[in-house]
Amino acid sequence: MSDRTVQSAATPHFPLAALLWPTRPGETVGSLRAFVLVALGTALMALSAKVNLPLPYVPMTLQSLVVLMIGAAYGWRLGSATMIAYLAEGALGLPVFAGPVGGLAPLVGPTAGYLFGFVGAAFITGWLAERGWDRSLWRSAVALSLGHAALFLTGLGWLSVFLGWSKAVELGLAPFLWGSLVKTVLGVTLVRAGWAMLERRR
């Protein structure tokens with residue numbers, strides 16, 4: 001194993017947001033940054049829920065794209081925390097879900113699996129980003145695709161309780177495949193643009 005390989009393996013891969021807004025351990029601004037990023041992320045989630053195409057059971061929104069971008073930019077810890085905060089806002093009654101609606105009903109209804117799937121999607125995308133997958137074009141595509149897969153598996157699993165598996169796939173997956181592909185391509189483009197912007201700042 002070469003020295004370069006050892007060095008690359010030992011070098012931590014920080015999320016994009018941490019490099020764009022760097023802090024040192026123990027600095028108060030670290031907590032401030034986390035608060036601001038979580039607030040920004042939940043606001044983006046709420047806004048993206050408003051851009052929706054009503055479909056039977058599961059509306060088509062921009063939320064999956066925003067979830068993946070937050071995971072890739074924030075990393076798995078802050079990305080997952082942002083999604084949990086978003087669900088908490090909805091549970092408290094804020095109209096942050098597609099509709100717009102809030103309250104506990106969306107968190108136990110047919111589409112609840114997709115909402116909880118946001119946490120898993122952000123976790124997976126962020127975990128892979130912290131291991132350098134967001135630095136590569138093709139690995140970025142795989143990371144975002146895996147995040148999409150986690151979101152759909154969770155959503156379909158819960159939706160199938162209400163509709164059965166075949167009907168859940170028909171209504172909760174098939175109409176979204178092409179849109180998910182477009183969102184993945186757009187997401188990869190945004191991730192690459194973020195790293196290009198960071199390189200110009202250095």
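Numbers here are sequence positions counted from 1.
- Considering only heavy atoms from C-beta on, Phe14 stays 4.5 Å or farther from Glu130 through its side chain.
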Assess the residue pair Ile70 and Met45 against the criterion (side chain to side chain contact (heavy atoms under 4.5 Å, CB included)); give the C-alpha distance rounded to whole Å, side-chain angles, the decisive distance to 0.1 Å, and a yes or no. CA-CA 9 Å; Ile70 288 174; Met45 288 295 296; 4.2 Å; yes
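- Between Gly157 and Ser160 the shortest heavy-atom distance is O-OG, 2.7 Å.
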Audit row: Thr82, Leu37, side chain to side chain contact (heavy atoms under 4.5 Å, CB included) steps and yes/no: CA-CA 8 Å; Thr82 301; Leu37 290 177; 5.9 Å; no
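- A distance-only check finds no donor-acceptor pair linking the side chain of Arg192 to the backbone of Gly187 [under 3.5 Å].
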Evaluate the criterion side chain to side chain contact (heavy atoms under 4.5 Å, CB included) for residue pair Leu128 and Asp134; output intermediate values, then yes/no. CA-CA 7 Å; Leu128 292 172; Asp134 57 342; over 6 Å; no
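- How far OG1 of Thr111 is from CG of Leu159: 8.5 Å, rounded to the nearest 0.5 Å.
- Tracing side-chain contacts under 4.5 Å through hydrophobic residues (I, L, V, M, F, W, Y), one never reaches Val185 starting from Leu177; they form parts of separate clusters.
- The hydrophobic cluster containing Val142 does not contain Leu144, counting ILVMFWY residues as joined when their side-chain heavy atoms lie under 4.5 angstrom apart, directly or transitively.
- In this structure, Ser80 and Ala122 approach most closely via the heavy-atom pair N-CB, 4.2 Å.
- Identified under the side-chain hydrogen bond (donor to acceptor under 3.5 Å, both in side chains) test for residues 171-186, with sequence neighbours left out: Ser64-Lys183, His148-Thr184.
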Determine whether Met69 and Val191 satisfy the following criterion, side chain to side chain contact (heavy atoms under 4.5 Å, CB included), listing intermediate values before the conclusion. CA-CA 7 Å; Met69 291 298 92; Val191 169; 3.7 Å; yes
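- Among residues at least two apart or in separate chains, there is no ring pair (Phe, Tyr, Trp, His ring centres under 6.0 Å) pair with a member in residues 30-50.
- The shortest distance between side-chain heavy atoms of Pro110 and Phe162 falls below 4.5 Å.
- Taking CG from Leu65 and CG from Leu44, the interatomic distance works out to 10.5 Å, rounded to the nearest 0.5 Å.
- When the side chains of ILVMFWY residues are joined at heavy-atom separations under 4.5 Å, either directly or via intervening members, Val67 and Leu62 end up in two distinct hydrophobic clusters.
- Clustering of Ile, Leu, Val, Met, Phe, Trp and Tyr side chains at separations under 4.5 Å leaves Leu153 isolated, with no partner residue.
- Not a single donor-acceptor pair under 3.5 Å links the side chain of Arg139 to the backbone N or O of Arg135.
- Applying the side chain to side chain contact (heavy atoms under 4.5 Å, CB included) criterion to Val182, with sequence neighbours excluded, gives no partner residue.
- Residues meeting the ring-ring contact (aromatic ring centres under 6.0 Å, His included) test with Tyr86, sequence neighbours left out: Phe97.
- Remark: Trp133 pairs with no residue by the ring-ring contact (aromatic ring centres under 6.0 Å, His included) rule, at least two apart or across chains.
- Among Trp76, Phe118, Phe116, the single residue meeting the ring pair (Phe, Tyr, Trp, His ring centres under 6.0 Å) criterion with Phe123 is Trp76.
- The two residues Leu107 and Ala91 have their closest heavy-atom pair at CD1-CB, 3.6 Å.
- Tracing side-chain contacts under 4.5 Å through hydrophobic residues (I, L, V, M, F, W, Y), one reaches Val169 starting from Met60; they form part of the same cluster.
- Contact annotation: the side chain of Thr125 never approaches that of Leu146 to less than 4.5 Å [non-hydrogen atoms, C-beta and beyond].
- Across all non-hydrogen atoms, the minimal contact from Ala129 to Ala72 is CB-O, 3.6 Å.
- The aromatic rings of Tyr114 and Phe152 sit perpendicular to each other, their planes meeting at more than 60°, with 30° as the lower class boundary.
- Taking each heavy atom of Ala39 and Thr42 in turn, the nearest pair found is O-OG1, 3.0 Å.
- Taking the side chain as every heavy atom from C-beta outward, Leu156 and Trp165 approach each other to under 4.5 Å.
- Taking hydrophobic clusters as Ile, Leu, Val, Met, Phe, Trp and Tyr residues chained together by side-chain heavy-atom distances below 4.5 Å, Val161 shares a cluster with Leu163.
- Pro106 pairs in a side-chain contact (heavy atoms from CB on, under 4.5 Å) with only one of the listed residues (Val96, Leu115, Leu87), which is Leu115.
- Listed here is the closest heavy atom pair of Pro100 and Pro95: CB-O, 3.6 Å.
- Here the side chains of Val188 and Leu137 are in contact, with some heavy-atom distance below 4.5 Å.
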